[in-house]
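Structure first, then comments.
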Protein chains: 2
Amino acid sequence: MASDHTRAAILNAAERLYADRGFGDVTLRDIVAAADVNLAAVNYHFGSKDELIAELFVTRSLATNRERLNELKSAEEAGGGRASIESILRALVGPTLRGCLGPDRERSTAARFMIRASIESVPPIRRIKNREIDHLRKFAAAMRRSLPDCSEADLYWGLHFALAMAHQTIRDSERLSKLSEGLCDLNDVGGMIERIVAVSVMALTGREVEKKAPARLVTRDAR
Amino acid sequence: MASDHTRAAILNAAERLYADRGFGDVTLRDIVAAADVNLAAVNYHFGSKDELIAELFVTRSLATNRERLNELKSAEEAGGGRASIESILRALVGPTLRGCLGPDRERSTAARFMIRASIESVPPIRRIKNREIDHLRKFAAAMRRSLPDCSEADLYWGLHFALAMAHQTIRDSERLSKLSEGLCDLNDVGGMIERIVAVSVMALTGREVEKKAPARLVTRDAR
DNA sequence: TTGCATTTCAAACATTTGTATGAAACTATC
DNA sequence: GATAGTTTCATACAAATGTTTGAAATGCAA
C-alpha cells in the first residue's frame, strides 16, 4: 500500500482549497498543484473527483455523527435510560455548531470545509446527505422516550426546527453578524447552542427551559 | 424594441429548466433549445449566462419582498402603527413559504425555481442575496417597535431563527417528509406558517402565542 | 539481481462550456 | 422603397476540465 503519502496530501490540499474557495472554483489541477502531486494521482487514488469529495465529506460527517451519538448515549446513561429533552437536543446540535462556529482562529480547516459543504450543495455531497435520515431517527426515538406525551408530528417538527436553526446559523452566520452589527456574538458557541436548545424545547413543550442553561434566549428584564 | 418574444421565451425556458434540473446541469444550449431560439440570443439579450440567472432571481425575489412589505404595512396599519409581533413574523415568513411550498399541483415554476436557488447556491445569486440585509432591517425595526423591551440581540436572534425555520423547511421539506413518514403535512402551508410564527414568538417573548393561531405547534393534551 | 506489483508522471484526449463574430433577415422610419 | 437600426442565425473560438494512457520510476519479495 506504499506510504499513503500522496493520498493524504491530496486529501489535505483538497480540504483546504475547498474550505477556502468553495467547490465551484477549485479544479483538480489546483488540488494537485497544492498537494504537489501529479494530476493523474487523483483518479488513481480516488477514482474520480466526485469520489474524492465524497470521501472528504463522509469522513467528516461520520465523525460528527459519532460525536452526536456519544453525547446522546452519555445523556441517556446519566438519566437512567431516559435523557432530558434538553440534553438530547444539545447532543443533536452541539457537535455541529461547535465544529463549525466559534472564534476564527480556532476554526479548523475541517470545520470550514463542512460549512462550505452546507452552503454549496454539490451532487456527491447531496447523495450522501440523503442517507442521513437513519441517523436522525435515533434522535427522534430518544425524543419520543423523553416526551412520551408529545405527538409524533410535533416531535418531528421540533427536531426539524432544531436542526434548521443550527444549520442556518452555520450557513448564514455572516448575515446575522452583519444584520445585528456584531450584537449577536457568533463566537459564543455555548450560548448559541443553549439558545437553540431553549427555543426548541419551548417549541416542543410549550414551556421555557428552567435549569442549567448557561445562557438563555430570553434575557430581558421586562416581563 | 421588437416583440420581446425571444427574451421572454428565454426567461421562461430558463426558469423551467433550472427549476426542474438545477443550475448545475443546465447549459445555455439546453435553454436555447427549449426556448427554440438561437444560442447567441442569450448573450445578445442578457449579456451573459450569469446575468440571465441574476435577472430571473431578482424578479422573483423582488416580488417576494414586495409582498412581505405589503403584509407588514397592512399589519402596522391595522395596529395603528404598531403591529403585533405575530403579524410581523407572519409577514416575514408567510410570502416565502406560501410561494415555495404547498400542494404539488399548485407549486409554480417560479416557486420551484426559488427552491432551487435556495438549495444550490450559485455565484450570481449569492451576490444578490448579500444585498437583502436592508430589506430585513425594516422587519427588525418593526419588531423593535412591537417589542420595545426586548434586547437588540434577542431581537436579531429571533428574526434569524424565524427565517432559519422557514428557509430550512423549504430547503429540506423532502427530508422532513421522509423522516416523519408523511406525518408532517407539508401541504398545509398555513399551519406551517403558524407553527413557525408561534415558535418564533416564544423565542422572542418566552410565552406562547395565545390568539388567532389556526394551528398551534403545541397541540398535546398533556400538561 | 531479477521479477512483479504498485505508484508516479507527462502528455494527450475528449468534451463541454460560455462567448464572440459577421453576415443575413427583419422592422420601422423617412 | 431605400436606409438605418435591431434582431436572429450558423458557425467558430478559446479556454477549461475531468479523465485516460502508456511508459518510467519505485518498492519489495524471492
Side-chain angles (χ1 to χ4, degrees), chain A residues 1-58 113 116-117 120-128, chain B residues 1-58 113 116-117 120-128:
Chain A
M1 74 173 83
S3 71
D4 259 3
H5 166 273
T6 303
R7 219 186 124 85
I10 292 173
L11 286 170
N12 281 337
E15 185 167 55
R16 188 171 53 75
L17 285 175
Y18 286 139
D20 287 345
R21 292 162 34 193
F23 298 98
D25 55 83
V26 172
T27 72
L28 284 190
R29 283 170 175 80
D30 293 332
I31 294 171
V32 299
D36 199 34
V37 300
N38 187 269
L39 174 60
V42 172
N43 285 279
Y44 178 78
H45 286 280
F46 299 93
S48 70
K49 184 196 189 185
D50 277 9
E51 288 172 88
L52 166 61
I53 293 177
E55 171 145 350
L56 283 170
F57 185 72
V58 293
F113 172 83
R116 282 289 182 187
E120 301 172 36
S121 187
V122 70
I125 291 183
R126 264 201 298 274
R127 280 192 285 273
I128 295 165
Chain B
M1 78 170 84
S3 71
D4 258 4
H5 166 273
T6 304
R7 220 186 121 85
I10 292 173
L11 286 170
N12 280 337
E15 185 167 55
R16 188 172 54 75
L17 285 176
Y18 285 139
D20 288 344
R21 291 160 37 193
F23 297 98
D25 52 86
V26 172
T27 72
L28 283 190
R29 284 169 175 81
D30 293 331
I31 294 171
V32 299
D36 199 35
V37 301
N38 188 270
L39 174 59
V42 172
N43 284 279
Y44 178 78
H45 285 281
F46 299 93
S48 71
K49 183 196 189 185
D50 277 11
E51 287 172 88
L52 166 61
I53 293 178
E55 171 145 349
L56 282 170
F57 185 72
V58 292
F113 172 83
R116 283 287 183 189
E120 300 173 36
S121 186
V122 72
I125 290 183
R126 263 202 299 275
R127 278 192 287 272
I128 295 165

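The chains referred to below are lettered A, B, ... by the order of the sequence lines, with proteins before strands, and numbering in each begins at 1.
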Under the ring pair (Phe, Tyr, Trp, His ring centres under 6.0 Å) rule, what pairs show up with a residue in residues 19-58 of chain B, not counting sequence neighbours?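 Qualifying pairs, neighbours excluded: B:Tyr18-B:Phe23, B:Phe23-B:Phe113.
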Pairing residues for A:Arg21 by the side chain to side chain donor-acceptor pair (under 3.5 Å) criterion, not counting sequence neighbours: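 Residues passing side chain to side chain donor-acceptor pair (under 3.5 Å) with A:Arg21: A:Asp30.
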Could you pull out all residues at least two apart from A:Arg116 that satisfy side chain to side chain donor-acceptor pair (under 3.5 Å)?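 So A:Arg116 forms a side chain to side chain donor-acceptor pair (under 3.5 Å) with A:Glu120.
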Any heavy-atom pair between the side chains of [Y] and [X] that's under 4.5 Å?
{"X": "B:Val32", "Y": "B:Ile10", "answer": "no"}
{"X": "A:Val26", "Y": "A:Asp20", "answer": "no"}
{"X": "B:Arg127", "Y": "B:Asp50", "answer": "yes"}

Nucleic acid contacts - residues 20-32 of chain B versus DNA chain D, non-hydrogen atoms under 4.0 Å: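 When residues 20-32 of chain B is checked for heavy atoms under 4.0 Å from DNA chain D, the hits, listed by number, are B:Arg29.
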Do other residues, nucleotides or ligands put more than 12 heavy atoms under 6.0 Å from the CG atom of A:Asp25?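 Count over threshold, so yes.
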Atom pair [atom1]/[atom2] of [X] and [Y] - distance to nearest 0.5 Å:
{"X": "B:Asp36", "Y": "B:Ile31", "atom1": "CG", "atom2": "CD1", "result": "14.0 Å"}
{"X": "B:Glu55", "Y": "B:Ile53", "atom1": "CD", "atom2": "CD1", "result": "12.0 Å"}
{"X": "A:Leu28", "Y": "A:Asn43", "atom1": "CG", "atom2": "CG", "result": "6.5 Å"}

Those residues of residues 9-18 of chain B lying under 4.0 Å from DNA chain C by at least one heavy atom: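 None - not one residue of the stretch has a heavy atom sitting under 4.0 Å from the strand.
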Which ones in residues 33-57 of chain A lie close to DNA chain C, meaning a heavy atom under 4.0 Å from one of its atoms?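 Correct list: A:Asn38, A:Ala40, A:Tyr44, A:His45.
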